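Note sheet for the following structure.
All values reported here derive from a predicted model rather than from experimental measurement. To find a chain, count down the sequence lines: A is the first, B the second, and so on, and within it residues start at 1.
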Amino acid sequence: MAGRTAALSDQERVRREKLEALRALGVEPYGGRFERTHTAARFHEQFGGMSAEALEARPIAVRMAGRMMQKRRQGKAGFAHLQDMTGRFQIYLRQDVLGDTAYEVYKLADIGDIFGVEGTVFRTKTGELTVLVRQFVLLAKSLRPLPEKFHGLKDVELRYRKRYLDLIMNPDVLRTFLLRSKIVRALRSILDAEGFVEVETPTLQPIPGGAAARPFVTYHNALDMEMYLRIAIELHLKRLIVGGIEKVYEIGRVYRNEGVSTKHNPEFTMLELYQAYADFTDIMALTESLIARVAEEAVGTTRIVYQGQPIDLTPPYRRAHMVDLIREATGVDFFRPMSVDEARALARAHGVEVAPHMTVGHIINEFFEQKVEASLIQPTFVYGHPVEISPLAKKNAADPRFTDRFELYIAGREHANAFSELNDPIDQRERFLAQLKERELGNEEAHRMDEDFLEALEVGMPPTGGLGIGVDRLVMLLADQPSIRDVLLFPHMRHAPKEG
RNA sequence: GAGCCAUUAGCUCAGAGGUAGAGCACCUGACUUUUAAUCAGGGUGUCGCAGGUUCGAAUCCUGCAUGGCUCACCA
């Protein structure tokens, strides 16, 4: 890190000199616990309605703490603003009230230092609620200058790499992460209230499964085996359904070894839940209710605006078959039985790109992704995914080319994926075998054979509805953030910065 | 992985072949109700890195690094 090897900047040198000056005054620059009576928010709530006269007539003592963000000294007195997690408050310091030593500490104070104060509440001439400080305690000396007070920290790279500076300087950023916390809390409390059991399952797995994605590979020394970071939670939760935990969920990190973008981070947070004796229509109802209730709880409304676009999250959501949507958009009717060659010809004619391993079902999905997906702004349940791209979903009873599966699209992005879980172990084995063929044809993301999971299914899994929700995307939507990096405290960056 | 753009003081940014700039921050001094405090003075720098062109490069060229955006893959 810079400070250690590189020469100190001028400002860093000055701050270290002040550190010594403080010690010479007998002041310890790194203090201990400091009991507070008020946060900034509570301070403004409680005293905001009181007049200068009322405050003067009956002085109220407070103890508060925070990081110094502004300092305005004028000779033998001065002001400063301290910032805590809830906001800022002003303090007023006078040499004749504080005494010479404490006032000297104020004179040596830098933007970024953390102080505890004790004093009484008053209003200044300009009306600002302020603490007249009687006791001024240095709790932590800051040895590096903070970003500029007016423009703040704008450099996107620095904001992500040094998120603590971003949080100090940009109140909106803190708000976004507090909202994220609220959203996750709301998801938990709603599911808990619905009788779902929260569990934790392995993230290190011998066979990665439950999704189509390339895994991260790692190595277990003692067991002398390769292991994978999980790409989904699915297969373990279904084992728990087999085990009799009839309503089960997990909110956890999954890892996919793929590109980084404004919409993708190599590790992201999924909510997966499974409900025995339900099917995908039950899950649809649960999904829209869950999203609406989370929106109500986190942002207070289901009528939100995302990146300038009004979006109404009030249930019920539109339901549309994938094939109908493709027909609306392109005129192509995939309900009509057709050969792979026919489907490929249609793809060529409509400029839809296809890969060598693709069969009719894959091509239908490509049509959907390339021609329909981006236009689904209002919440839409797209159901009836082709069986080839849904190796873990039950086939539709009336038309086995498709599955009882849906994805929820909002703002042109997939927000949820759900289906009636395939509980026929014979069919599941055939699906895995078909996936293995795809793998041989070059689809690296095809599902692997998982004998242990098949064994669980053979014991018998009740009919089950399952759901996965991308929590980061839900936060992006509700927090109106355009990039996944703005809802991850420490998003992945290409490389660590060089030494020095 | 590809294309486009960016990288100059602690931070936010100007400068487009000829002595390295501004605001904030910082340093010195003044100031006991200020609030982007004010006033007087002070520039603190490996112009991302490495080569090249040139009498001379922050500026032009090449490569590299990092980041952003778009695309590809995915959720």
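With a glycosidic angle further than 90° from 0, B/A58 counts as anti.
The distance from atom NZ of A/K107 to atom P of B/U32 is 11 Å, rounded to the nearest whole Å. With rounding to whole Å, A/L132 atom CG is found 14 Å from B/U34 atom C1'.
Nucleic acid contact class of A/R88 (heavy atoms, under 4.0 Å, all strands): none. Contacts of A/Q90 with the nucleic acid, taken as non-hydrogen atoms under 4.0 Å apart, include base atoms. Residue contacts for A/G259: at a heavy-atom cut-off of 4.0 Å it reaches a base atom on one of the strands shown. Looking at heavy-atom distances under 4.0 Å, A/G152 makes contact with sugar-phosphate atoms alone, never a base. A/H81 comes within 4.0 angstrom of a nucleotide base, judged by non-hydrogen atoms across all strands. Residue-level contact check: A/K154 touches the backbone only, with heavy atoms under 4.0 Å from sugar-phosphate atoms and none from bases.
Of all nucleotides listed (B/G68, B/A37, B/U32), B/A37 comes nearest to the side chain of A/R72. For A/P145, counting side-chain heavy atoms from C-beta on, the closest listed nucleotide (B/U32, B/A36, B/G10) is B/G10.
Base pairing of B/G21: its partner is B/C13, meeting the Watson-Crick or G-U wobble criterion (both donor-acceptor distances under 3.5 Å). The base-pairing partner of B/C69, taking Watson-Crick or G-U wobble contacts with both distances under 3.5 Å, is B/G3. Applying the Watson-Crick and G-U wobble criteria (two distances, each under 3.5 Å), B/U62 pairs with B/A50.
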Write down the protein N/O and nucleotide N/O pairs, taken from nucleotides 26-30 of chain B, whose separation is under 3.5 Å; answer none if there are no such pairs.
| unit_1 | atom_1 | unit_2 | atom_2 | d |
| --- | --- | --- | --- | --- |
| B/C26 | O4' | A/Q11 | OE1 | 3.4 |
| B/C27 | OP1 | A/K18 | NZ | 2.6 |

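At a threshold of 4.0 Å, the pair A/K107-A/E104 counts as salt-bridged, since one of the basic side-chain nitrogens sits closer than that to a carboxylate oxygen. Using a 4.0 Å cut-off between charged nitrogen and carboxylate oxygen, A/E20 and A/R16 do not count as a salt-bridge pair. A salt bridge between A/E128 and A/R123 is absent, with no side-chain N of the basic residue lying under 4.0 Å from a carboxylate O of the acidic one.
Seen from the ring of A/Y106, A/K71 counts as a face-on cation partner, given the 6.0 Å and 45° thresholds. Because its NZ or CZ atom is both nearer than 6.0 Å to the ring centre of A/Y228 and within 45° of the ring axis, A/R448 counts as a cation-pi partner of that residue.
A distance of about 16 Å separates the P atoms of B/A22 and B/A14, rounded to the whole Å. For the C1' atom pair drawn from B/A57 and B/U8, the interatomic distance equals 14 Å after rounding to whole Å. Across B/A37 and B/A58, the matching P atoms stand 36 Å from one another, rounded to whole Å. Comparing the P positions of B/A25 and B/G68 gives an interatomic distance of 30 Å, to the nearest angstrom.
The base of B/U32 sits within donor-acceptor range of the side chain of A/D96, with an N or O pair under 3.5 Å.
Under the ring pair (Phe, Tyr, Trp, His ring centres under 6.0 Å) criterion, A/Y409 pairs with A/F368, not counting sequence neighbours. With sequence neighbours left out, A/H350 forms a ring pair (Phe, Tyr, Trp, His ring centres under 6.0 Å) with A/F367.
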